[in-house]
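The structure displayed is predicted, hence computed values, not measured ones. Counting from 1, the numbers follow the sequence of the chain as shown.
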Amino acid sequence: YGGRAAVEEAMLQAPPSAIPALSLSSPEPSRTPGATVRGVRLQSGDTVVYVDPHRLDGGPPAGLILITHEHFDHMDPNAIAAVATDDTVIVANTPCARQLQGKVKGRVVSVQEGDTVTEKGVEVRAVAGYNGHHPRGFNIGFVFRVGNQTVFHAGDTDRVPEMSSLGEIDVALLPIGGTYTMAEAEAAEAVRMIRPRVVIPMHYGYATGGDPEKFASLVGPDAAVVIL
């Protein structure tokens, strides 16, 4: 996907207290029109974090890679190999960690819902994210801090009660595609539970539906919506 729409620009729409310190983009190099982000690259200073990199053949070397679950468009060993080095730390939910151990460069750290680890100076908290297609424990979300921004990446999930207790979130990445995740209206309700300053819709148009403009209209003034 074209790496663009950095969150610094999006923060212009957000409350003044949301200080821009984070560059966030979709790193995947190509996509079908209308299909959009699952994986993202976040960078603050020298810290480079990828979440669910997919269909990559290169990019800035990763300090930290986070993997939410084992579906092919979230755990992509070839994409991990394209950005991982011997110094990279890969934090993955337990089933993914088992599969990646010894098969990719870097150190693999296994986590499950409720765990908190600090790697590469980034505190990472594994949180709930589930639905009928992604049973509890199969997918996890991540809450982590890069620069001075706290980011929530939901992975593939519906709106779940645990979202109301994530704490203060600056940037939330939420799926809106329906079929395998929540659709636009349910995701907008999740925004009202989470109360982020900025929300980025993801997981739409690639074997699913999902309209980011409809999602933005449903969110309204509750958060600044950025479409990558």
#### Entry: Check ion pair D87-K120 (N to O, under 4.0 angstrom)
yes
### Query
Out of curiosity, R107 CZ to L100 CG, how far, rounded to the nearest 0.5 Å?
14.0 Å
### Query
Does a side-chain heavy-atom distance below 4.5 Å link P196 with V191?
yes
### Query
Are any non-hydrogen side-chain atoms of F144 and Q149 less than 4.5 angstrom apart?
no
#### Entry: From V109, L64, L66, V104, residue fulfilling side-chain contact (heavy atoms from CB on, under 4.5 Å) relative to I90
V104
### Query
Which pair of heavy atoms, one from P201 and one from F215, lies closest together, and at what distance?
CB-CD2, 3.8 Å
### Query
Which of these, L174, I176, V160, sits in a side-chain contact (heavy atoms from CB on, under 4.5 Å) with M182?
L174
### Query
Side-chain heavy atoms under 4.5 angstrom apart, residues restricted to Ile, Leu, Val, Met, Phe, Trp, Tyr: same cluster for V108 and M75?
yes
### Summary
Heavy-atom nearest pair, I80 first then P53, reads CG1-CG, 4.1 Å
### Task
Answer yes or no: is there a side-chain heavy-atom contact under 4.5 Å between H203 and H74?
yes
#### Entry: Minimum heavy-atom distance between P135 and Y130, given as atom pair plus value
C-CB, 4.0 Å
### Message
If you compare all heavy atoms of A97 against all heavy atoms of A92, which two are closest, and at what distance to 0.1 Å?
### Response
N-CB, 3.9 Å
### Task
May I have the step-by-step check of side-chain contact (heavy atoms from CB on, under 4.5 Å) for T94 and V111, ending in yes or no?
CA-CA 6 Å; T94 299; V111 294; over 6 Å; no
### Message
What's the separation between atom OG in S164 and atom CD1 in I194, rounded to the nearest 0.5 Å?
### Response
9.5 Å
#### Entry: Evaluation steps, side-chain contact (heavy atoms from CB on, under 4.5 Å), between V198 and D170
CA-CA 6 Å; V198 172; D170 295 300; over 6 Å; no
### Query
Between E168 and R197, is there a salt bridge with N-O shorter than 4.0 Å?
yes
### Task
Would you tell me whether H133 and D156 have side-chain atoms, one donor and one acceptor, within less than 3.5 Å of each other?
no
#### Entry: Any T88 side-chain heavy atom under 4.5 Å of P61 side chain
no
### Task
Consider only side-chain N and O atoms of T68 and D52, and report whether a donor and an acceptor are under 3.5 Å apart.
yes
### Query
Would a distance-only check, ignoring hydrogens and angles, find a side-chain to backbone donor-acceptor pair under 3.5 Å from D115 to Q112?
yes
### Task
Assert yes or no for the condition that the ring centre distance of H153 to F142 is strictly below 6.0 Å.
no
#### Entry: Distance-minimising heavy-atom pair for E70 and P95
OE1-CB, 3.3 Å
### Query
Are the side chains of V143 and I169 in touch, meaning some heavy atoms are under 4.5 Å apart?
yes
### Summary
d(M193 CE, R195 CZ) to nearest 0.5 Å is 10.0 Å
### Query
Do the side chains of E119 and V124 get nearer than 4.5 Å, heavy atoms only?
no
### Query
Considering all heavy atoms of both residues, which atom of L56 and which atom of V83 are nearest to each other, and what is their separation?
CD1-CG1, 3.9 Å
### Message
Is it the case that the side chains of Y50 and Q43 hold a donor-acceptor pair, with the cut-off being a distance below 3.5 Å and no angle test?
### Response
no
### Task
Indicate yes or no: at least one non-hydrogen side-chain atom of I65 is less than 4.5 angstrom from one of V49.
no
#### Entry: Rounded distance (nearest 0.5 Å) linking atom SG of C96 with atom CD1 of I140
8.0 Å
### Message
I want to check something: taking the side chain as every heavy atom from C-beta on, are I67 and V91 in contact at a cut-off of under 4.5 Å?
### Response
no
### Task
Please answer whether the main-chain N or O of H69 pairs with a side-chain N or O of N139 as donor and acceptor at a distance below 3.5 Å.
no
### Query
Once you round to the nearest 0.5 Å, how far does CE of M202 lie from CG of L228?
10.5 Å
### Task
Mind telling me whether H71 and H134 have parallel, tilted or perpendicular rings, with 30° and 60° as the class edges?
perpendicular
### Message
If we ignore hydrogens and angles and just use 3.5 Å, is the side chain of N93 paired with the main-chain N or O of F138 as donor and acceptor?
### Response
yes
### Task
Using modelled atom types only, decide if a donor and an acceptor are shared between the side chain of S217 and the backbone of K214 within a distance under 3.5 Å.
yes
### Query
Ion pair present between R192 and D222, side-chain N to carboxylate O less than 4.0 angstrom?
yes
### salt_bridge(E113, R125) N-O dist < 4.0 Å
no
### Task
To the nearest 0.5 angstrom, please state how far the CZ atom of R145 sits from the OG1 atom of T150.
4.0 Å
